[in-house]
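Both backbone and side-chain heavy atoms feed into the values below; hydrogens, waters and symmetry mates do not. All values derive from a computational prediction rather than experimental measurement. Sequential numbering from 1 along the given sequence is applied to the chain's residues.
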Amino acid sequence: MFTPRTPRIVAARRLQRRKDRDQSGRFLAEGPQAVREALAAGAVLELFATSDALDRYAELAAQAPEVSPVTDEAMRAIAETVHPQGLVALCEQIDVPIGKALVKQPRLVAVVAEIRDPGNAGTVLRTADAAGAEAVIFAGDAVDPYNGKCVRASAGSLFHVDVVRSPMPMIDLLQDSGLQVLATSGAGEDDVDSLLDGGLLAAPTAWLFGSEAHGLPESLLAAADRRVRVPIYGAAESLNLAAAAAVCLYASARAQR
(Lines give C-alpha, C1' and ligand atoms only; values in the text may rest on other atoms or scores of the structure.)
Protein backbone atom coordinates (compact mmCIF):
# COMPACT_ATOMS: atom_id res chain seq x y z
CA MET A 1 0.00 0.00 0.00
CA PHE A 2 1.39 3.38 -1.04
CA THR A 3 2.44 5.88 1.63
CA PRO A 4 3.24 9.59 1.33
CA ARG A 5 6.88 8.66 0.68
CA THR A 6 6.20 6.20 -2.12
CA PRO A 7 7.83 7.64 -5.29
CA ARG A 8 4.60 7.52 -7.30
CA ILE A 9 2.77 9.45 -4.58
CA VAL A 10 5.58 11.99 -4.45
CA ALA A 11 5.38 12.34 -8.25
CA ALA A 12 1.60 12.68 -8.16
CA ARG A 13 1.77 15.36 -5.49
CA ARG A 14 4.03 17.43 -7.75
CA LEU A 15 1.13 17.68 -10.20
CA GLN A 16 -0.49 20.16 -7.83
CA ARG A 17 1.95 22.64 -9.43
CA ARG A 18 1.25 24.01 -12.90
CA LYS A 19 4.88 23.72 -13.97
CA ASP A 20 4.87 20.00 -13.33
CA ARG A 21 1.52 19.52 -15.04
CA ASP A 22 2.76 21.35 -18.11
CA GLN A 23 6.02 19.41 -18.23
CA SER A 24 4.44 15.99 -17.75
CA GLY A 25 1.20 16.46 -19.69
CA ARG A 26 -0.63 14.93 -16.73
CA PHE A 27 -2.99 16.11 -14.00
CA LEU A 28 -5.06 14.85 -11.08
CA ALA A 29 -8.83 14.41 -10.97
CA GLU A 30 -10.19 14.09 -7.44
CA GLY A 31 -13.46 12.58 -6.23
CA PRO A 32 -15.88 10.00 -7.64
CA GLN A 33 -17.65 12.33 -10.09
CA ALA A 34 -14.45 13.53 -11.73
CA VAL A 35 -13.01 10.02 -11.75
CA ARG A 36 -16.17 8.60 -13.32
CA GLU A 37 -16.09 11.12 -16.17
CA ALA A 38 -12.33 10.77 -16.64
CA LEU A 39 -12.73 7.00 -16.96
CA ALA A 40 -15.52 7.42 -19.50
CA ALA A 41 -13.27 9.74 -21.52
CA GLY A 42 -10.40 7.25 -21.45
CA ALA A 43 -8.12 9.78 -19.77
CA VAL A 44 -7.17 7.80 -16.63
CA LEU A 45 -3.70 6.31 -16.37
CA GLU A 46 -3.82 5.21 -12.73
CA LEU A 47 -6.33 5.33 -9.91
CA PHE A 48 -5.17 5.99 -6.35
CA ALA A 49 -7.72 4.84 -3.78
CA THR A 50 -8.01 4.15 -0.07
CA SER A 51 -9.34 0.80 1.14
CA ASP A 52 -12.69 2.33 2.09
CA ALA A 53 -13.02 3.98 -1.32
CA LEU A 54 -12.22 0.75 -3.11
CA ASP A 55 -15.11 -0.89 -1.30
CA ARG A 56 -17.47 2.04 -1.87
CA TYR A 57 -16.60 2.64 -5.52
CA ALA A 58 -15.75 -0.86 -6.68
CA GLU A 59 -17.40 -0.24 -10.07
CA LEU A 60 -15.04 2.66 -10.76
CA ALA A 61 -11.97 0.72 -9.68
CA ALA A 62 -12.98 -2.09 -12.02
CA GLN A 63 -12.79 0.32 -14.97
CA ALA A 64 -9.36 1.77 -14.17
CA PRO A 65 -6.34 0.52 -16.17
CA GLU A 66 -4.30 0.41 -12.96
CA VAL A 67 -5.38 0.68 -9.33
CA SER A 68 -2.95 1.66 -6.58
CA PRO A 69 -4.18 1.28 -2.97
CA VAL A 70 -2.97 4.10 -0.74
CA THR A 71 -3.02 4.91 2.95
CA ASP A 72 -5.24 7.68 4.26
CA GLU A 73 -2.10 9.78 4.79
CA ALA A 74 -1.05 9.30 1.16
CA MET A 75 -4.53 10.28 -0.01
CA ARG A 76 -4.37 13.48 2.04
CA ALA A 77 -1.01 14.23 0.41
CA ILE A 78 -2.32 14.12 -3.15
CA ALA A 79 -5.88 15.36 -2.54
CA GLU A 80 -6.54 19.09 -2.32
CA THR A 81 -9.87 19.05 -0.51
CA VAL A 82 -10.18 19.22 3.27
CA HIS A 83 -12.15 15.99 3.44
CA PRO A 84 -11.05 13.81 0.49
CA GLN A 85 -13.40 11.08 -0.72
CA GLY A 86 -10.64 8.56 -1.19
CA LEU A 87 -10.26 8.61 -5.00
CA VAL A 88 -7.71 10.49 -7.10
CA ALA A 89 -7.08 9.63 -10.75
CA LEU A 90 -3.83 10.32 -12.54
CA CYS A 91 -4.92 11.52 -15.99
CA GLU A 92 -3.36 12.54 -19.25
CA GLN A 93 -4.21 16.04 -20.42
CA ILE A 94 -6.94 16.11 -23.05
CA ASP A 95 -6.87 19.61 -24.56
CA VAL A 96 -6.89 19.86 -28.34
CA PRO A 97 -5.48 22.42 -30.82
CA ILE A 98 -7.90 25.17 -31.77
CA GLY A 99 -7.94 24.00 -35.38
CA LYS A 100 -9.09 20.53 -34.38
CA ALA A 101 -11.93 21.98 -32.30
CA LEU A 102 -13.08 24.39 -35.01
CA VAL A 103 -12.96 21.91 -37.88
CA LYS A 104 -15.96 20.23 -36.24
CA GLN A 105 -17.93 23.43 -36.96
CA PRO A 106 -19.23 24.00 -33.42
CA ARG A 107 -22.35 26.11 -33.03
CA LEU A 108 -21.58 27.38 -29.54
CA VAL A 109 -18.15 28.15 -28.09
CA ALA A 110 -17.12 29.84 -24.84
CA VAL A 111 -13.82 31.74 -24.70
CA VAL A 112 -12.37 32.70 -21.33
CA ALA A 113 -9.67 35.29 -21.93
CA GLU A 114 -7.06 35.83 -19.24
CA ILE A 115 -9.44 34.60 -16.54
CA ARG A 116 -7.39 33.84 -13.43
CA ASP A 117 -9.82 32.37 -10.91
CA PRO A 118 -9.92 28.56 -11.21
CA GLY A 119 -13.30 28.26 -9.52
CA ASN A 120 -14.89 30.64 -12.01
CA ALA A 121 -13.16 28.88 -14.89
CA GLY A 122 -14.46 25.49 -13.81
CA THR A 123 -17.97 26.87 -13.36
CA VAL A 124 -17.90 28.36 -16.87
CA LEU A 125 -16.78 24.96 -18.19
CA ARG A 126 -19.70 23.29 -16.44
CA THR A 127 -22.16 25.93 -17.62
CA ALA A 128 -20.92 25.76 -21.21
CA ASP A 129 -21.31 21.99 -21.19
CA ALA A 130 -24.83 22.26 -19.76
CA ALA A 131 -25.79 24.83 -22.42
CA GLY A 132 -24.59 22.53 -25.19
CA ALA A 133 -21.36 24.30 -26.11
CA GLU A 134 -18.93 22.08 -27.97
CA ALA A 135 -15.72 23.86 -26.99
CA VAL A 136 -14.24 26.06 -24.27
CA ILE A 137 -11.13 28.06 -25.16
CA PHE A 138 -8.71 29.26 -22.48
CA ALA A 139 -7.08 32.23 -24.19
CA GLY A 140 -3.97 34.21 -23.38
CA ASP A 141 -2.62 34.16 -19.83
CA ALA A 142 -5.61 32.22 -18.50
CA VAL A 143 -5.77 29.88 -15.55
CA ASP A 144 -4.70 26.30 -16.21
CA PRO A 145 -7.82 24.21 -16.93
CA TYR A 146 -6.09 21.34 -15.11
CA ASN A 147 -5.77 23.29 -11.88
CA GLY A 148 -7.31 21.10 -9.17
CA LYS A 149 -9.94 23.65 -8.19
CA CYS A 150 -10.92 24.17 -11.81
CA VAL A 151 -11.23 20.42 -12.38
CA ARG A 152 -13.45 20.04 -9.32
CA ALA A 153 -15.61 23.07 -10.18
CA SER A 154 -16.22 21.68 -13.66
CA ALA A 155 -17.93 18.64 -12.05
CA GLY A 156 -16.78 16.37 -14.86
CA SER A 157 -17.56 18.77 -17.71
CA LEU A 158 -13.85 19.14 -18.41
CA PHE A 159 -14.14 15.70 -20.06
CA HIS A 160 -17.29 16.50 -22.09
CA VAL A 161 -16.22 19.44 -24.27
CA ASP A 162 -13.21 20.24 -26.42
CA VAL A 163 -10.83 22.16 -24.16
CA VAL A 164 -8.46 24.44 -26.04
CA ARG A 165 -5.51 26.46 -24.79
CA SER A 166 -4.74 29.26 -27.21
CA PRO A 167 -2.65 32.41 -27.35
CA MET A 168 -4.39 35.65 -28.26
CA PRO A 169 -5.66 36.87 -30.62
CA MET A 170 -7.71 34.08 -32.19
CA ILE A 171 -10.73 36.08 -33.34
CA ASP A 172 -9.99 35.61 -37.03
CA LEU A 173 -9.89 31.84 -36.62
CA LEU A 174 -13.30 31.88 -34.94
CA GLN A 175 -14.80 34.11 -37.62
CA ASP A 176 -13.26 32.11 -40.47
CA SER A 177 -14.93 28.98 -39.08
CA GLY A 178 -18.35 30.63 -39.37
CA LEU A 179 -18.82 31.83 -35.80
CA GLN A 180 -20.06 35.30 -34.92
CA VAL A 181 -17.88 36.60 -32.10
CA LEU A 182 -19.68 38.37 -29.26
CA ALA A 183 -17.57 40.10 -26.63
CA THR A 184 -19.17 40.66 -23.24
CA SER A 185 -18.78 44.15 -21.82
CA GLY A 186 -20.67 46.22 -19.29
CA ALA A 187 -20.46 49.09 -21.78
CA GLY A 188 -21.59 47.06 -24.78
CA GLU A 189 -23.72 48.71 -27.45
CA ASP A 190 -25.99 45.65 -27.67
CA ASP A 191 -27.64 43.69 -24.90
CA VAL A 192 -28.41 39.99 -24.66
CA ASP A 193 -32.19 40.46 -24.66
CA SER A 194 -32.26 42.57 -27.84
CA LEU A 195 -30.05 40.10 -29.69
CA LEU A 196 -32.22 37.21 -28.55
CA ASP A 197 -35.44 39.00 -29.54
CA GLY A 198 -33.93 39.91 -32.91
CA GLY A 199 -33.02 36.33 -33.72
CA LEU A 200 -29.31 37.08 -33.94
CA LEU A 201 -28.32 34.49 -31.35
CA ALA A 202 -29.59 31.63 -33.51
CA ALA A 203 -26.37 31.86 -35.55
CA PRO A 204 -23.26 29.87 -34.57
CA THR A 205 -21.65 31.96 -31.83
CA ALA A 206 -18.46 32.30 -29.85
CA TRP A 207 -18.90 34.23 -26.60
CA LEU A 208 -15.87 36.00 -25.15
CA PHE A 209 -15.63 36.42 -21.38
CA GLY A 210 -12.90 38.36 -19.59
CA SER A 211 -11.65 38.42 -16.03
CA GLU A 212 -13.83 39.93 -13.33
CA ALA A 213 -11.12 42.39 -12.36
CA HIS A 214 -10.22 43.74 -15.79
CA GLY A 215 -12.78 42.51 -18.30
CA LEU A 216 -11.73 41.71 -21.85
CA PRO A 217 -8.56 43.15 -23.37
CA GLU A 218 -9.19 46.06 -25.73
CA SER A 219 -7.78 44.07 -28.65
CA LEU A 220 -10.51 41.44 -28.30
CA LEU A 221 -13.26 44.02 -27.79
CA ALA A 222 -12.19 45.80 -30.97
CA ALA A 223 -11.93 42.62 -33.06
CA ALA A 224 -15.29 41.12 -32.00
CA ASP A 225 -18.36 41.42 -34.21
CA ARG A 226 -20.42 42.89 -31.37
CA ARG A 227 -19.90 44.08 -27.82
CA VAL A 228 -22.75 42.82 -25.67
CA ARG A 229 -23.87 43.62 -22.13
CA VAL A 230 -26.10 41.66 -19.80
CA PRO A 231 -28.95 44.02 -18.87
CA ILE A 232 -29.19 44.88 -15.19
CA TYR A 233 -32.78 45.56 -14.16
CA GLY A 234 -32.21 45.95 -10.44
CA ALA A 235 -29.71 47.90 -8.35
CA ALA A 236 -26.81 45.44 -8.60
CA GLU A 237 -23.66 46.90 -10.08
CA SER A 238 -22.97 43.82 -12.18
CA LEU A 239 -23.06 40.03 -12.35
CA ASN A 240 -20.05 37.92 -11.60
CA LEU A 241 -18.32 36.17 -14.46
CA ALA A 242 -19.93 32.75 -14.03
CA ALA A 243 -23.44 34.19 -13.76
CA ALA A 244 -22.96 36.41 -16.81
CA ALA A 245 -21.63 33.45 -18.77
CA ALA A 246 -24.70 31.42 -17.84
CA VAL A 247 -27.05 34.17 -19.06
CA CYS A 248 -25.23 34.54 -22.39
CA LEU A 249 -24.69 30.86 -23.13
CA TYR A 250 -28.26 29.90 -22.29
CA ALA A 251 -29.61 32.74 -24.41
CA SER A 252 -27.72 31.24 -27.36
CA ALA A 253 -28.81 27.72 -26.43
CA ARG A 254 -32.46 28.83 -26.43
CA ALA A 255 -32.15 30.66 -29.76
CA GLN A 256 -30.32 27.79 -31.45
CA ARG A 257 -33.02 25.34 -30.41
Using atom types as modelled, flag every donor-acceptor pair under 3.5 Å from a side chain in residues 191-201 to any protein atom, sequence neighbours excluded.
from : atom 1 : to   : atom 2 : distance (Å)
D191 : OD1    : D193 : N      : 2.9
D191 : OD1    : S194 : N      : 2.8
D193 : OD2    : Y233 : OH     : 2.4
S194 : OG     : D191 : N      : 3.4
S194 : OG     : D191 : O      : 2.9

Check your understanding: Just checking, is any N or O donor in the side chain of Q63 or E59 under 3.5 Å from an acceptor N or O on the other one?
Key -> no
Review point. So which pairs with a foot in residues 17-49 pass ring pair (Phe, Tyr, Trp, His ring centres under 6.0 Å), sequence neighbours left out?
Key: F27-Y146
Point to revise | Spacing of Q105 atom CD and R107 atom CZ [to the nearest 0.5 Å] | key: 10.5 Å
**Study point:** Test side chain to side chain donor-acceptor pair (under 3.5 Å) applied to D144 and K19, Q93, R21, the passing residue
**Key:** R21
Check your understanding: Does any non-hydrogen side-chain atom of C91 lie less than 4.5 Å from one of E46?
Key -> no
Point to revise | Which residues share a side chain to side chain donor-acceptor pair (under 3.5 Å) with T50, sequence neighbours left out | key: none
Exercise for review: Flag the pair L182 / L208 as yes when at least one side-chain heavy-atom distance between them is below 4.5 Å, and no otherwise.
Suggested key: no
Exercise for review: For M168 and A113, work out which heavy atoms get closest and say how close.
Suggested key: SD-CB, 3.9 Å
Revision key, fill the gap. Heavy atoms of V181 and I171 approach each other most closely as CG1-CD1, 3.9 Å
**Study point:** Ion pair check, E92 and R26, cut-off under 4.0 Å
**Key:** no
Practice item. Can you run down the salt bridge (Lys or Arg N to Asp or Glu O under 4.0 Å) pairs that involve residues 109-132, sequence neighbours left out, and say none if there aren't any? Key: R116-D141
**Study point:** Rounded distance (nearest 0.5 Å) linking atom CG of L90 with atom CG of L47
**Key:** 10.0 Å
**Study point:** Heavy-atom closest pair, residues A53 and A49
**Key:** CB-CB, 4.5 Å
**Study point:** Spacing of M170 atom CE and I137 atom CD1 [to the nearest 0.5 Å]
**Key:** 6.0 Å
**Study point:** Sequence-distant partners of R229, side chain to side chain donor-acceptor pair (under 3.5 Å), two or more places apart
**Key:** none
Review point. Is any side-chain heavy atom of H160 closer than 4.5 Å to a side-chain heavy atom of E37?
Key: yes
Practice item. Could you check L173 against I98 for side chain to side chain contact (heavy atoms under 4.5 Å, CB included), going step by step and ending with a plain yes or no? Key: CA-CA 8 Å; L173 295 177; I98 189 169; 3.9 Å; yes
Exercise for review: Before accepting this row, confirm whether a basic side-chain N of the pair D22/R18 lies closer than 4.0 Å to the acidic partner's carboxylate O.
Suggested key: yes
Point to revise | Under the salt bridge (Lys or Arg N to Asp or Glu O under 4.0 Å) test, residues paired with E237 that sit two or more places apart | key: none
Point to revise | Shortest non-hydrogen contact from A101 toward V164 | key: CB-CG2, 3.7 Å
Check your understanding: Would V96 and F159 show up in the same hydrophobic cluster when neighbours are defined by side-chain heavy atoms closer than 4.5 Å?
Key -> no
Exercise for review: Would you please name every residue forming a side chain to side chain contact (heavy atoms under 4.5 Å, CB included) with E30, sequence neighbours left out?
Suggested key: A79, E80, T81, P84, V88, R152
Quiz: residues 243-252 side-chain donor-acceptor pairs under 3.5 angstrom, not counting sequence neighbours:
from : atom 1 : to   : atom 2 : distance (Å)
Y250 : OH     : A130 : O      : 3.4
S252 : OG     : W207 : NE1    : 2.8

Point to revise | Nearest-0.5 Å distance that lies between atom CG in L241 and atom CD1 in I115 | key: 4.0 Å
Exercise for review: Enter the distance from L221:CG to R227:CZ here, rounded to the nearest 0.5 Å.
Suggested key: 7.0 Å
Review point. Side-chain heavy atoms under 4.5 angstrom apart, residues restricted to Ile, Leu, Val, Met, Phe, Trp, Tyr: same cluster for L15 and L158?
Key: no
Check your understanding: Quick one: do V228 and I232 end up in the same hydrophobic cluster if we chain Ile, Leu, Val, Met, Phe, Trp and Tyr together by side-chain heavy atoms under 4.5 Å apart?
Key -> yes
Check your understanding: Looking at side-chain heavy atoms only, is the closest gap between P4 and T71 below 4.5 Å?
Key -> yes
Review point. Which heavy atom of P106 sits nearest a heavy atom of P204, and at what distance?
Key: O-CB, 4.2 Å
Point to revise | Interatomic distance, L216 atom CG to T184 atom OG1 [nearest 0.5 angstrom] | key: 5.0 Å
Point to revise | Counterpart residues, salt bridge (Lys or Arg N to Asp or Glu O under 4.0 Å), relative to R13 (two or more places apart) | key: none
Practice item. Apply the test side chain to side chain contact (heavy atoms under 4.5 Å, CB included) to residues D52 and R56: give CA-CA distance (whole Å), side-chain angles for both, the deciding distance (0.1 Å), then the verdict. Key: CA-CA 6 Å; D52 287 345; R56 191 178 307 116; 4.0 Å; yes
**Study point:** Where at least one partner belongs to residues 98-139, residue pairs that pass ring pair (Phe, Tyr, Trp, His ring centres under 6.0 Å), sequence neighbours excluded
**Key:** none
Check your understanding: Should V161 and I94 be regarded as members of a common hydrophobic cluster, given that ILVMFWY residues are connected when their side-chain heavy atoms come within less than 4.5 Å of each other, either directly or indirectly?
Key -> yes
Study note, to complete from the structure: By side chain to side chain donor-acceptor pair (under 3.5 Å), T123 pairs with (sequence neighbours left out) none
Exercise for review: Provide the closest heavy-atom pair for L174 versus A206 in the form atom of the first, atom of the second, distance.
Suggested key: CD1-CB, 4.1 Å
Exercise for review: With sequence neighbours excluded, tell me which residues meet side chain to side chain donor-acceptor pair (under 3.5 Å) with R226.
Suggested key: D190
Check your understanding: For E218, does the CD atom have more than 12 heavy-atom neighbours from other residues, nucleotides or ligands under 6.0 Å away?
Key -> no
